[in-house]
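Here the structure is a predicted model, which means the values were calculated and not measured. First the proteins, then the strands, lettered A, B, ... as listed; each starts at 1. Values reported hereafter were calculated over all heavy atoms of this structure, with side chains retained and with hydrogens, waters and symmetry mates removed.
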There are 2 protein chains.
Amino acid sequence: MFTLAEENYLKAIFHLEHEGSGEVSTNAIAESMETKPSSVTDMIQKLAEKKLVVYKRYKGTLLTEKGKKIAANVIRKHRLWEVFLVDKLNFHWDEVHEIAEQLEHIQSEELITRLDKFLGSPDFDPHGDPIPDKNGVLKRTEKKLLSQIEKNQKGVCVGVKESSADFLQYLDKKKISIGTKITVLGKEFFDGSMIIQVGNEQFFISHKIAENLYVQTL
Amino acid sequence: MFTLAEENYLKAIFHLEHEGSGEVSTNAIAESMETKPSSVTDMIQKLAEKKLVVYKRYKGTLLTEKGKKIAANVIRKHRLWEVFLVDKLNFHWDEVHEIAEQLEHIQSEELITRLDKFLGSPDFDPHGDPIPDKNGVLKRTEKKLLSQIEKNQKGVCVGVKESSADFLQYLDKKKISIGTKITVLGKEFFDGSMIIQVGNEQFFISHKIAENLYVQTL
DNA sequence: CTTTATTTTTAGTTAAGTCTAAAAATAAAG
DNA sequence: CTTTATTTTTAGACTTAACTAAAAATAAAG
């Protein structure tokens, strides 16, 4: 139905729309896709002709309802495949992204229906990101960034903002994964660093770590 | 490593080499891939430059060892995914080909290693076709076509030569699948048709059916 | 409110993979 | 052993999706 390139653009725009608010800039798309702005302009114009995005020259891009639905479906497939890779094939959560980037483009409604059922209709992927339903609707959660948690409060880790292998491996080293309870013992206002407790261990984390970990307060 | 188009050409040549013997003709490749001979010539020349095939103008094409290995690996992936779709997702054996055509191009050694293990390292796919091992080696079986079986002999169905949905659905209707025992009760020399017994049922089959069913004699 | 910097777009190429139409080689028929 | 038919290849064109370089629009600075 849509080409690999088209699906990847829609997905990138979807993610950018959910981060910043309002129109997505050409440069932002180019950067997130590791391509050149001129290539983005080309593709955006094609997507606009197909009514998948609304595009005004020099003003930026927004997904139409149709574009949103397609993007959400690609993301649904990506995240379901990640669950498969981790739950069934015992991959580690830092190994699955690139494989899922390929699997997300497999075309078959029936396949995804059955895969979803096989996996027990999960609501979240291995990084804690919500899996859109058939209609592209995301379950909303009460998650906050760890950096927004006050001293002496407790939270349970529900996801990561960044999911680079480096970051995930850091978390493993510190024994932090989805479901881990974290207590904020101290918070430095100058640089945003924290002392936290995980299990019996207490240790220091930088602001950069704290602003990439999602928790649900307890 | 290789493009989707390249992998599909190598796979097609691999299959054709195993049917007829000797060089594979440009037209044969074109027909099997539903493309034009001129497109085939183009691609074959590229594959020859990459040392994946040996090609002599107007004479035909043969895979090199390297080409054979790549083709066998694509086929390995195709057949493992078919096992996944049937065994784990409960697809029917006539529904899996097109999805596997897409899945066979997913690039990840580790994925296939783990998938193979998850499936219990199967030797055959749902149509009875052998799954090449990591090195591209196919297990040889003692299979014969049902049409080559004599009157009053028994065989167990081990595979199909053709695997079109039409044929597979015919077999389902007749309650024939991999593992089904078949007894040849009668054989007409004029047209090759047969009377066979499957379970408690006895019925007539045409030569066309008999020459597309593989059995192992008991 | 000009000048400068940044962002975005246009114009023109390139590469992969396909196609049609025409030419060349091989095979088959008389 | 020519003529005809078939197969295969070449040449040229098209599409998708990328790129570079230059132009145009917008935003920021003085």
Side-chain angles (χ1 to χ4, degrees), chain A residues 1-14 16-17 19-63 67 70-71 74 101-102 104-105 107, chain B residues 1-14 16-17 19-63 67 70-71 74 101-102 104-105 107:
Chain A
M1 195 65 173
F2 298 97
T3 68
L4 198 139
E6 286 169 339
E7 288 193 347
N8 282 334
Y9 273 95
L10 293 174
K11 186 181 51 150
I13 298 165
F14 187 96
L16 290 168
E17 265 190 39
E19 288 164 21
S21 49
E23 283 81 5
V24 177
S25 82
T26 300
N27 268 4
I29 299 170
E31 195 186 354
S32 89
M33 298 191 66
E34 298 186 326
T35 185
K36 303 290 165 182
S38 56
S39 308
V40 174
T41 302
D42 267 7
M43 180 57 91
I44 293 296
Q45 289 174 344
K46 279 186 212 162
L47 295 176
E49 271 179 37
K50 296 187 180 181
K51 309 279 184 204
L52 300 173
V53 301
V54 178
Y55 163 70
K56 285 263 166 75
R57 292 197 339 293
Y58 294 101
K59 294 290 180 182
T61 303
L62 284 175
L63 292 172
I70 294 162
V74 174
E101 285 284 303
Q102 301 177 61
E104 73 188 6
H105 300 291
Q107 305 281 9
Chain B
M1 196 64 172
F2 297 97
T3 68
L4 199 140
E6 285 170 339
E7 287 193 347
N8 281 334
Y9 273 95
L10 293 173
K11 186 180 52 150
I13 298 165
F14 186 96
L16 291 168
E17 265 190 38
E19 287 165 21
S21 49
E23 284 81 6
V24 178
S25 82
T26 301
N27 267 3
I29 299 170
E31 196 186 354
S32 88
M33 297 190 66
E34 298 185 325
T35 184
K36 302 291 164 182
S38 55
S39 307
V40 175
T41 301
D42 267 7
M43 180 56 92
I44 293 297
Q45 290 174 342
K46 279 185 211 164
L47 295 175
E49 271 179 37
K50 297 189 181 182
K51 309 282 184 202
L52 299 174
V53 302
V54 179
Y55 162 70
K56 286 264 165 74
R57 291 202 333 297
Y58 295 102
K59 292 291 181 181
T61 303
L62 284 174
L63 292 172
I70 294 162
V74 174
E101 286 284 302
Q102 301 177 60
E104 73 189 6
H105 300 291
Q107 305 281 8

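Distances shorter than 4.0 Å separate none of the side-chain N or O atoms of R57(B) from OP1 or OP2 on dT7(D). OP1 or OP2 of dT18(C) lies within a sub-4.0 Å distance of a side-chain N or O belonging to Y9(B). For dA17(D), the OP1/OP2 oxygens have a side-chain nitrogen or oxygen of K46(A) closer than 4.0 Å. The shortest distance between the side-chain N/O atoms of Y55(A) and the OP1/OP2 oxygens of dT9(C) is below 4.0 Å. Side-chain N/O atoms of T35(A) include one lying less than 4.0 angstrom from OP1 or OP2 on dC19(D). In terms of phosphate contacts, N27(A) brings no side-chain nitrogen or oxygen within less than 4.0 Å of OP1 or OP2 of dT6(C).
Comparing dT8(C), dA18(D), dA21(C) against the side chain of S38(B) picks out dA21(C) as the nearest. Looking at the side chain of D42(B), the nearest of the listed nucleotides dA17(D), dC19(C), dT8(D) is dC19(C). You'll find that the side chain of P37(B) is closest to dT9(D), out of dT18(C), dT9(D), dA25(D). Listed candidates were dT9(D), dT10(D), dA17(D). Nearest to the side chain of Q45(B) is dT10(D). Side-chain atoms of K36(B) lie closest to dC19(C) of the nucleotides dT8(D), dC19(C), dA17(D).
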T26(B)/I44(B) under side chain to side chain contact (heavy atoms under 4.5 Å, CB included): CA gap, chis, key distance, verdict:
CA-CA 9 Å; T26(B) 301; I44(B) 293 297; 5.7 Å; no
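dA27(C) is paired with dT4(D) under the criterion used here, namely a Watson-Crick or G-U wobble arrangement in which both key atom distances are under 3.5 Å. Under the Watson-Crick or G-U wobble criterion, with both distances below 3.5 Å, dT18(C) is paired with dA13(D).
Residue S39(A) is classed as a base contact, given a heavy-atom separation below 4.0 Å to a base.
Here dT16(D) presents its P atom at 11 Å from CD of E49(A), a figure rounded to the nearest Å. Here the C1' atom of nucleotide dG17(C) and the CD atom of E34(B) are 17 Å apart, to the nearest Å. To the nearest angstrom, P of dT9(D) lies 15 Å from CE of M43(B). One can place CG of L47(A) at 13 Å from P of dT9(C), the figure rounded to the nearest angstrom. At whole-Å resolution of the value, CG in N8(A) and P in dT16(D) are 17 Å apart. Remark: P of dT26(C) and NZ of K56(B) are 13 Å apart, rounded to the nearest angstrom. The CG-P distance, from L4(A) to dA16(C), rounds to 17 Å in whole Å.
With a 4.5 Å cut-off on side-chain heavy atoms, Y9(B) and I29(B) count as touching.
For T26(B) against dT9(D), a side-chain-to-base donor-acceptor contact under 3.5 Å is absent.
Residues K56(B) and E23(B) are not paired through a salt bridge, judged by the lack of any N-O separation under 4.0 Å between the basic side chain and the carboxylate.
Although no hydrogens or angles enter the test, the distance criterion places a donor-acceptor pair under 3.5 Å between the side chain of E17(B) and the main chain of L63(B).
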